[in-house]
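Since we're looking at a predicted model, the values are computed, not measured. In what follows, every chain begins at residue 1, and chains take the letters A, B, ... in the order their sequences are listed.
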Amino acid sequence: MADLSVNTPATRLLDGPSGKRKRARFTPKRIMIYGALLLVSFYYLLPLWVMVMTSLKGMPEVRMGNIFAPPVEITFEPWVKAWAQACTGLNCDGLSRGFWNSVQITVPSVVLSIIIASVNGYALVNWRFKGSEIFFTILIFGAFIPYQVMIYPIVIILRELGLMGSVWGLVMVHTIFGMPILTLLFRNYFASLPEELFKAARVDGAGFWRIFLKVLVPMSLPIFTVAVILQLTGIWNDFLFGVIYTKPATYPMTVQLNNIVNSVQGVKEYNVNMAATLLTGIVPLTVYLISGKLFVRGIASGAVKG
Amino acid sequence: MTALPDPDRGAVRAKAAPARRPSRLLHNPMSKVAAMPMIATALVIFVGCSLWTVVHSFTDSKLLPRLNFVGFEQYERLWSSSRWITSVENIAIYGVTALVLSLVLGFLFAALLDQRIRAEGIFRTIILYPYALSFIVTGLVWQWVLNPDFGIQNVVRDLGFASFSFDPLNNPDTVMIALLMAGLWQGTGLVTVIMLAGLRGVDEDIWKATRVDGIPAWKTYLFVVVPILRPVFVTATVLIATGIVKLYDLVVALTNGGPGSATQMPALYVYDAMFAKQNLAQGFAASTIMLLAVLVLLIPWSIHEFGGKKRG
Amino acid sequence: MLDTVPPVSSALDDISVSIRDLELAFGSVKVLKDLNIDIHKGEFLVLLGASGCGKSTLLNCIAGLLEPTGGQIFIEGQNVTWAEPSERGIGMVFQSYALYPQMSVKSNLSFGLKNAKLPKDQIEKRVARAAEILHLGPLLDRKPGALSGGQRQRVAIGRALVRDVDVFLFDEPLSNLDAKLRAELRVELKRLHQSLANTMIYVTHDQVEAMTLADRIAIMKGGVIQQLAAPLEIYNTPANLYVAGFIGAPPMNFIQGALRGTDFEGIINVPMQGYGFSAAPKDGAVVFGIRPEHVLVNDAAASCAVQTRVVVDVVEPMGADTLLWCTLGGDEFRIRLDGQTPIRQGDTITVGIDPARASLFDKETEIRL
């Protein structure tokens, strides 16, 4: 059994392969992979490129030229016009109004929906009561119901509450429809925290709110960030609810953008349209680029975990 | 016995225990208060509003909802409307194509990104960024890129191919391609990210085992990894499918249902019936059909997902 | 060493924790069944059992973290069956430490006291005292993330200590530590118990912890206490077949057979002279048990009344002692010897058995005879 020679170090190398293998830096396989990825990237970046280029050209250049070509003469005129002068119907005060409406809609919606959903998720994990899981199941299934089924009854509810057409009515709608995914997000997160932490806090005499605020919230900042990202982009990008539950004076940015670009009247100013489109996309795009991995985590966590 | 002096022993300890067991309803009351919004949403909105719509789809409500029941009349009218039939056909064509393509492309992109790529983060960012944009922005951009007078067609013609023709936005036969180009551009990133997360979750040892066994990578992906990722595919399918049923914004921004009725969708039909044509019950009937379609998708999935074992 | 067992018959005011007919069911599954235990003041009681035996469930019931479906719990004479955890006069130490990650050590220690609205100077005093006892002084301003496993566990103990309560509950507190640290903290815990003289209830699946720490051990299985006794009593006279097999590593050797008069008859025949029958022996099917370390070999076996010869299949030298794996009548037979034994695999050895150190169990009821 015990062959001692195995333990004796070899004194010299024999012929044949030895040490680090030399490899070609680019094998045909690698080139194909990178080639495919570059092609895909080209397709994905193209519209962004076209948008930016068009928005920096004057109308004469747009009419003459190639939409992919960079501007010969850079002008920010279309951006100014899109922001301050573009017309929707009779109003010609640009997208700025839609922008501020969207801010007024998004900020309270994000805050409210996250507060409600986080407390709810916490209650579902740590303070279960009879029936809590049933309501949660209904909530999750509700996330799959086409909005079209519920939009009209909600019109009636908002009318009854006197909120139809107002910013706050839309805030309520966003809070309601954000609840399934956010509650799921928070419930899963709180369930992943060690239960013993909650038990320890109870032995320490902390109640419902103290455990939540002092123990759980401080250690859940990542998931709150994910929720903010998810809601911020989702609500900012909403079109359907905005068009139904608000009126022209309170239209969010997406609705106003569509009205500006797809309006039939007047000469089409493509450069202004693209500037307006970019302006509307800038907020969620910035959120996406800054948040990076957390954005991915946000959309994946809602999707992958059931 | 006691090693150190202990000041004010036992001050934490309490009052006598409650004499009676607190009643069930008052048992952790805060939890119930916290769950009120959820309960209200679940009951009033998801159950209540859906039922309300279903009930009213059997009435002859026009401008205002009213409970004058007419049986299945609205449904008969719905299914005899050529516009509705076209909508259903359109969403079926778009849906199947978009579903298959986004699953295939999403998996392909994820597999490409999984090859220990340099600058993986940059590629991922590029593929996913359109998902951060709204459907309105997506639709308007592609409307511009596909514009026959200034967009791709024009650019290729300027390169010398004078007879080149690519104008899907104005051609009822090919407009679906435009919709797919935009829709996939916006949504494939999500599928890619989900698939990539799934791929990263595959046990490293499986790859080692297939290397030892000498199985080529593409075979491993097709016959080993894909079956492992089955749940991920199911989740992605459900996500894409429910998104497709709701498809509305993108069509509004890109084609507004046209040319003709080539991109009419059920969601547009519902919106028009309710808010443009003052034909509420028709809208209710159409949306009830949408609900049914989702249930048909959802029930097998939920049985698959939750039927086997109860998850905590 | 502590004086071992507190007197069994004692006045009620000597009882620290009393559990009466405790029952807990999740739906139709009964996790705890009619449990009765009286735990004396200052006693160190260990709840020992395999996972799923209900030991942690029982501890959680005592802490008030689970609601029993039947029975009562008294702590220091008060009925706390329906009381909140914080009102029961208990401190609890968890397996995962359960330190609040965003709070400093000091805040971790004082969180419960702040919740109880204790005056500031009081809190300071108690935290200082706990820090002194547990040598936490230099760590007070750190976050739990910056502490080692052993330090975290000391903070967790400190959190129970500052509450200044009569009863400490430990839920597998050492399971997350490596073997060396576990041994160290075990001794520290024992010292702490000796100096504080609190009642301690300690859940573990580790029989070494149970044997070394406990005044009494309660061995649980299927929500029922199998035996409640001092460690050595459990080791020497296990109450039933389950306890006999559970305590001791490697486990006790069992030989199937029958009892005739006072003689065991099986693959070996053992006249049970010197064995303490708990009742007059009755003929019938029994299981004979002998611990591997009580089996004598070769020269040592010479004086034994009962001898047989076995072949050694496997030898496991472990340094301090050596395990021999043999076969006796088709069943595995384990022997534990001194580490320096010259016996090799394949040797045929003489083994001897002292009936006074053996155990006999009824085959049917599995109860010790």
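- Neither the backbone nor the side chain of B:Val234 comes within less than 4.5 Å of any heavy atom in chain A.
- Heavy-atom distances place no part of B:Met36 under 4.5 Å from chain A, backbone and side chain included.
- Looking at A:Ser132, only its backbone comes within 4.5 Å of chain B, counting heavy atoms on both sides.
- Chain B forms more heavy-atom pairs under 4.5 Å with one residue of A:Thr183, A:Leu46, A:Thr54 than with any other, namely A:Thr54.
- Contacts between A:Ile282 and chain B at a heavy-atom distance below 4.5 Å are absent for every atom of the residue.
- Screening residues 139-158 of chain A for salt bridge (Lys or Arg N to Asp or Glu O under 4.0 Å), with sequence neighbours left out, gives no hits.
- Taking the six-membered ring for Trp and the full ring otherwise, B:Phe284 and A:Tyr152 have centroids separated by under 6.0 Å.
- Residue A:Ile229: no heavy atom, backbone or side chain, is found under 4.5 Å from chain B.
- Defined by atom type and a distance below 3.5 Å, a donor-acceptor pair is present between the side-chain atoms of B:Gln143 and A:Asn262.
- When heavy atoms are compared at a cutoff of 4.5 Å, A:Val261 approaches chain B solely by way of its side chain, counted from C-beta outward.
- Heavy-atom minimum distance, A:Ile33 versus B:Gln115: CD1-CG, 3.7 Å.
- The minimum heavy-atom distance between B:Met290 and A:Gln148, with the atom names listed, is CE-OE1, 3.5 Å.
- A:Asn237 contributes a side-chain N or O that, together with a main-chain N or O of B:Ala132, makes up a donor-acceptor pair within less than 3.5 Å.
- With a threshold of 4.5 angstrom between heavy atoms, A:Val125 does not approach chain B through any atom at all.
- Neither the backbone nor the side chain of A:Ala117 comes within less than 4.5 Å of any heavy atom of chain B.
- Rounding to the nearest 0.5 angstrom, the gap separating the CZ atom in A:Phe144 from the CG atom in B:Leu239 is 6.5 Å.
- Residue with the most contacts toward chain B among A:Val287, A:Val119, A:Ile138, A:Leu139: A:Leu139 (heavy-atom pairs, distance under 4.5 Å).
- Of the possible polar contacts, one joining the B:Ser31 side chain to the A:Trp127 backbone as a donor-acceptor pair under 3.5 Å is found.
- Across all their heavy atoms, B:Cys49 and A:Ile154 have their closest contact at SG-CG1, 4.2 Å.
- Rounded to the nearest 0.5 Å, atoms CH2 (B:Trp52) and CE (A:Met150) are 13.5 Å apart.
- The two residues A:Ile244 and B:Tyr271 come nearest to each other via the heavy atoms CG1-CE1, 3.6 Å.
- With a 4.5 Å cut-off on non-hydrogen atoms, A:Leu48 touches chain B through its backbone and its side chain both.
- In this structure, CD1 in A:Ile157 is found 4.5 Å from CD1 in B:Ile45, a value given to the nearest 0.5 Å.
- Only the side chain of A:Phe177 comes within contact range of chain B, with heavy atoms under 4.5 Å apart.
- Contacts of A:Tyr43 with chain B are made by both backbone and side-chain atoms, with heavy-atom separations under 4.5 Å.
- Judged purely by atom type and a 3.5 angstrom limit, A:Tyr34 uses its side chain to pair as donor or acceptor with the backbone of B:Arg118.
- Of all non-hydrogen atoms in B:Ala34 and A:Phe208, the two that sit nearest each other are CB-CZ, 3.7 Å.
- Residue A:Gln256 holds its CD atom at 13.0 Å from CD1 of B:Ile136, rounded to the nearest 0.5 Å.
- Your options are A:Arg63, A:Met51, A:Lys29, and the one with the most heavy-atom pairs under 4.5 Å with chain B is A:Arg63.
- Looking only at heavy-atom pairs under 4.5 Å with chain B, the residue among A:Thr254, A:Ile116, A:Val40 that has the most is A:Val40.
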Would you sort out whether B:Phe135 and A:Phe239 count as a ring-ring contact (aromatic ring centres under 6.0 Å, His included), showing the intermediate values? CA-CA 8 Å; B:Phe135 278 121; A:Phe239 174 79; over 10 Å; no
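- The most heavy-atom pairs under 4.5 Å with chain B, out of A:Thr277, A:Leu37, A:Thr280, come from A:Leu37.
- Looking only at heavy-atom pairs under 4.5 Å with chain B, the residue among A:Pro180, A:Ala69, A:Pro146 that has the most is A:Pro146.
- Shown here for B:Phe46 and A:Ile145, the closest heavy-atom pair between the two residues is O-CD1, 3.7 Å.
- Heavy atoms of A:Trp209 lying under 4.5 Å from chain B belong exclusively to its side chain.
- A distance of 4.5 Å separates CZ in B:Phe123 from CG in A:Leu38, rounded to the nearest 0.5 Å.
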